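The structure displayed is predicted, hence computed values, not measured ones. Lettering of chains follows the sequences in order, A, B, ..., and the numbering in each one begins at 1.
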Protein chains: 2
Amino acid sequence: MQKRNSSFIFVSDYLLFMTEKQDKILSAALELFANEGFSATSTNQIAKKAGVSEGLIFKHFKNKKGLLDALYGQVEGKLSEGFAQIIFETDPKKVLKITIESPFTIPSEDYDFWRLQFKLKWESDYYNPEKMQPLIDKLTWVFTELNYESPELEAKLLEQMIETIMVAILRQGKESQLALKDFLLKKYEL
Amino acid sequence: MQKRNSSFIFVSDYLLFMTEKQDKILSAALELFANEGFSATSTNQIAKKAGVSEGLIFKHFKNKKGLLDALYGQVEGKLSEGFAQIIFETDPKKVLKITIESPFTIPSEDYDFWRLQFKLKWESDYYNPEKMQPLIDKLTWVFTELNYESPELEAKLLEQMIETIMVAILRQGKESQLALKDFLLKKYEL
DNA sequence: AAACAAAAAGTAAGTACTCACTTAAATACA
DNA sequence: TGTATTTAAGTGAGTACTTACTTTTTGTTT
């Protein structure tokens, strides 16, 4: 295995070998796409922010869209990480607690991933509500276990609440949602 | 006052005189900005969709951004319309009912206004949470009247719920949220 | 260890557009 | 006739991407 300036990242389910420059390009692109938008970001801006030549972007990625697709793979990885703890938990009350607290556990370094994800949700190519289904299924199980009258609707409601809290955190900061979190924890008797 | 092809629309608080061509330009821009994004939309695309010459856009609007600002004025108008009925209602239960049902009363012709609004919320120049304060204040009053324990948090929670329902309607269609609406009406005993 | 070749990574310059916007002349319409 | 609009051409800047070349790294041989 090679030992040069490089690192390993998980993109979806597979291991990808990447140089330091590639990493810099992806980081720069993430920041710009997440905050300015894909179309509003030029490859020249990305190159400058990454501290590389513009041509190098096209050496490592097929085109500008290919860069977005690589980032999207990383976004999906973040999402899976976010779910894993919830999916594998077996105590219904713990599931609820972890779920409600999940937006508050995301490190701020990951906020651009989430911003990009929410921006991309408005593009039909990238919007797939099925992706949230495992979480909704898990929550449905929780509300069934806890003998709620409409477990499926409770699950859907909570999933959408968590999403709107995450959006608000990204826009207004974590502090703006802390009271609401505690309020929800109380509502669900946690 | 001129009598040719024209109409009157309210932009924020004042009356704006507008030709049919201006209207077509704005409609085309709305559709494209809302669905493709501002940066991803060229003035040539707008002209073609509006069925006018590209030069005419710049006769009527200072620049591309000016077009967006004019649309934003209309977006704000739609928002005020949406609030008016709620703000002026004096029966707490009716306020809740109207609020929960409000995303479902929006005509689909207005969906692009709302799409644009949600897209623009990710731009700091256009994001202003204070705008929702009148609604939150009204709902706080409602929950106080109805003797809820934490009226302010209840109001905030509901406001965010309504927003996420509106987003889901825009993405997935009205039918996807009907069950949730009925569920909420039931939760609030309406 | 040193020398060299090959492979990989990276750069600067270039290419062929597209873009927002302007301008002047011509056309259309009431 | 006066006004609104179109047409056509143009401008200068910016865009995504390519190309030819350079630099760095890796592998092989001595």
Hey, does the Lys NZ or Arg CZ of A:K64 hover above the aromatic six-ring of A:F38, less than 6.0 Å from the centre and inside 45° of the axis?
-> yes
Expressed in angstrom and rounded to an integer, what is the separation of A:I46 atom CD1 from C:dT11 atom C1'?
-> 17 Å
Take nucleotides 6-18 of chain D nucleotide by nucleotide from the 5' end and write B, S or -, depending on whether a protein heavy atom sits under 4.0 Å from the base, only from the sugar-phosphate, or from neither.
-> BB-------SBBB
May I ask you to decide whether A:E123 forms a salt bridge with B:K119, counting only side-chain N to carboxylate O separations under 4.0 Å?
-> yes
Write down the distance between CD (A:Q22) and C1' (C:dA9), rounded to a whole number of angstrom.
-> 10 Å
Compare every heavy atom of A:K93 with every heavy atom of A:E189, then report the nearest pair and how far apart it is.
-> O-NZ, 3.0 Å
Can you tell me how far C1' of C:dA9 sits from NE2 of A:H60, to the nearest Å?
-> 6 Å
Under the 6.0 Å and 45° cation-pi test, does B:R171 pair with A:W122?
-> yes
Within this structure, what is the CD1-to-P distance between B:I57 and C:dC19, rounded to whole angstrom?
-> 12 Å
Taking the six-membered ring of A:F104 as reference, does the NZ or CZ atom of A:K174 fall below 6.0 Å from its centre and within a 45° cone about the axis?
-> no
Whole angstrom is fine here: how far is it from CG in B:L67 over to P in C:dA20?
-> 11 Å
Classify the side-chain pair A:Q45/A:E36 by whether it contains a donor and acceptor separated by less than 3.5 Å.
-> no
